[in-house]
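Here is the structure we will look at, set down as structure tokens.
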Amino acid sequence: MAKKSKTAFICQNCATTHTQWQGKCEGCGEWNTIVEDNPLAGIGGGPGRAPKKGRVVPLASLDGEIEEAPRIISRVAELDRVTGGGFVRGSAVLLGGEPGIGKSTLLMQAAAALSRAGHNIVYVSGEEAVAQVRLRAKRLKANETQVLLAAETNVEDILTTLNDMEKRPDLVIIDSIQTMWTDSADSAPGTVTQVRQSAQALIRYAKSTGATVVMVGHVTKEGNIAGPRVVEHMVDAVIQFEGDGSHQYRILRALKNRFGPTDEIGVFEMMQSGLRQVANPSELFLGERADNAPGAAVFGGMEGTRPLLVEIQALVAPTSLGTPRRAVVGWDSARLSMIIAVLQAHCGVNLGQHDVYLNVAGGYRISEPAADLAVACALISSLAGLALPTDCVYFGEISLSGSIRPVPHAGQRIKEAEKLGFKSAVLPKGSSDVPKRNDESIFAAEKLVDLVVKIAGGKTLSYESDEK
Ligand code: TYD
Ligand code: MG
């Protein structure tokens with residue numbers, strides 16, 4: 001008697017294995033994701049089954065012709081920068097962002113630009129009726145372009161329409177993937193299974209025809225793209241559109257890109273007539289600067305290949321709580337704790353009795369460790385009650401030993417600052433490609449304690465004595 005093959009019940013969302021079928025997966029908490037499967041099928045063959053003869057696959061050498069991935073360039077420079085020089089043909093891109101941030105606006109403007117450049121663009125809206133999309137297009141002055149429009153949510157219908165077109169589209173925009181549903185899954189639209197199956201069908205279409213598919217994905221409150229994370233793994237690029245409600249600017253960021261860099265950002269400003277590209281973002285983030293306020297330091301940052309100046313604001317105030325507060329907006333709070341510890345251990349600046357608030361101006365988010373120095377200077381300045389020079393930029397990484405470490409692209413950071421009227425810079429000693437200056441405009445710091453002395457002068461920063 002042949003041995004009965006062993007089957008298991010596997011969650012299709014998180015791959016947890018269960019011994020029997022159940023409605024809810026204990027691994028990820030999703031419902032109706034468990035499917036009976038034979039994980040050992042095909043392994044070892046088994047009695048009575050002849051092994052299938054394989055097909056010979058060609059083996060190639062590492063050296064050889066490389067076919068450059070052909071791209072379609074939107075000529076919206078900020079968008080092309082983030083995609084790595086245009087959308088790659090046959091690729092699938094996921095554009096994430098909170099509702100109302102401007103995803104549809106961005107894609108409509110990109111569609112119009114591409115269409116003007118002679119590309120064949122199809123815009124499928126599952127959220128809005130044709131009339132609504134037309135209204136937006138009119139506002140964006142995109143209504144005279146050749147972009148083809150459909151309001152449809154069934155993936156099979158969309159694919160049949162696309163395959164039926166005389167000229168294959170170069171770019172298909174699906175707004176949004178959460179509204180799509182396919183006949184091959186019987187759960188409701190927006191569920192994990194539907195989103196995944198729909199995405200799969202659309203990606204298959206992209207790969208088989210060479211058209212680029214851009215899918216809009218809504219983001220949950222926690223900042224994740226709703227639906228299974230699997231969709232993020234399935235697509236070639238994940239681009240996030242972010243910004244905060246109280247500001248007009250929006251940042252486009254690549255979180256994953258199989259065909260380009262992930263450290264570039266695109267900056268836009270939301271206007272009455274759509275998104276405007278911001279070629280020089282530093283001006284935007286420095287626009288709201290107050291003169292001569294203690295606790296403000298301008299950080300000379302880099303985003304990918306582009307320098308970006310942004311103001312860091314710190315407020316240090318005596319605490320009334322047992323455990324002082326540390327609140328950070330736009331930076332890593334663990335990094336702030338580190339700077340506070342270094343100030344205490346190596347510079348004799350004790351913030352143990354002070355609340356510390358740190359804010360990056362304009363709602364911008366910094367991820368570079370090069371911001372350490374600007375943060376430290378802002379903290380010292382606020383604690384001492386002395387304003388830093390308004391025409392000075394700061395950058396450098398601080399190590400746990402209290403020394404200041406060089407960061408890449410010092411020359412570029414300084415050049416950007418000079419372009420914006422800054423006259424001096426505080427940077428790590430040993431920075432490479434620093435422009436030569438005869439005056440004292442560049443202060444190369446080696447230890448954080450030297451800077452404390454420079455900023456606070458003779459002022460004592462030990463507050464223990466004040467309390468007596
Ligand atoms: P939208 O692209 O619909 O956002 P999403 O697709 O991400 O949900 O943009 C919504 C917001 O953008 C809305 O609050 C109005 C604003 N907006 C403008 O300020 N100017 C414009 O020209 C357009 C089209 C939208
Ligand atoms: Mg939308």
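Just so you know, ligand 1 is whichever comes first in the structure, and atom 1 is the first atom listed for that ligand.
Neither the backbone nor the side chain of D175 comes within 4.0 Å of ligand 1, counting heavy atoms alone.
Of the candidates G96, A142, G274, it is G274 that places a heavy atom closest to atom 22 (O) of ligand 1. For atom 2 (O) of ligand 1, the choice among T105, V216, L275 with the nearest heavy atom turns out to be T105.
Considering only non-hydrogen protein atoms, atom 6 (O) of ligand 1 sits nearest to S104 OG, 2.6 Å. In this structure, atom 3 (O) of ligand 1 lies nearest to the protein heavy atom R136 NH2, 2.9 Å. For atom 15 (C) of ligand 1, the closest heavy atom belonging to the protein is R139 NH2, 4.8 Å. The protein heavy atom nearest to atom 4 (O) of ligand 1 is G102 N, 3.1 Å. Taking atom 11 (C) of ligand 1 as the reference point, the nearest protein heavy-atom neighbour is G100 O, 3.5 Å.
At least one heavy atom of M271 sits less than 4.0 Å from an atom of ligand 1. Residue G97 places every heavy atom at 4.0 Å or more from ligand 1.
Those atoms of ligand 1 that come under 4.0 Å of a heavy atom in S273, given as number and element, are 22 (O). Atoms of ligand 1 lying under 4.0 Å from any heavy atom of P99, numbered from 1 in the order shown and given with element: 8 (O). For ligand 1 and Q272, the ligand atoms under 4.0 Å from any heavy atom of the residue are 20 (N), 21 (C), 22 (O).
Side chain to side chain, Q313 and E311 meet the donor-acceptor criterion of an N or O pair below 3.5 Å.
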Decide side-chain hydrogen bond (donor to acceptor under 3.5 Å, both in side chains) for T319 and D355; before the verdict, give the C-alpha distance in whole Å, the side-chain angles of both, and the deciding distance to 0.1 Å. CA-CA 5 Å; T319 187; D355 289 335; 2.8 Å; yes
Let me see the working for D80 and S74 under side-chain hydrogen bond (donor to acceptor under 3.5 Å, both in side chains), right down to the final yes or no. CA-CA 6 Å; D80 289 338; S74 69; 2.8 Å; yes
Evaluate salt bridge (charged side-chain N to carboxylate O under 4.0 Å, His left out) for E416 paired with R413, printing each intermediate quantity in order. CA-CA 5 Å; E416 170 79 0; R413 295 173 202 258; over 6 Å; no
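Using modelled atom types, one side-chain atom of K103 and one backbone atom of E98 make a donor-acceptor pair closer than 3.5 Å. A side-chain donor-acceptor contact under 3.5 Å links E152 to the backbone of N154. A donor-acceptor pair under 3.5 Å is absent between the side-chain atoms of N120 and the main chain of D170, judged by distance alone.
In terms of heavy atoms, P307 sits closest to S282 at O-OG, 4.0 Å. Across P428 and G396, no two heavy atoms sit closer than the pair CG-CA, 3.6 Å. Minimum interatomic distance between T105 and M270 (heavy atoms only, all atoms of both residues): OG1-CE, 4.2 Å.
Within the sub-2.8 Å shell of the Mg ion (ligand 2), the protein contributes these N/O/S atoms: S104 OG.
Not one N or O of M270 is nearer than 3.5 Å to an N or O of ligand 1, by distance alone.
Crowding of R276 atom CZ: a count of heavy atoms from other residues, nucleotides or ligands under 6.0 Å exceeding 12. Taking a 6.0 Å sphere around CD of Q277, one finds it holds more than 12 heavy atoms contributed by other residues, nucleotides or ligands.
Here the CG atom belonging to L383 is positioned 5.5 Å from the NE2 atom belonging to H354, to the nearest 0.5 angstrom.
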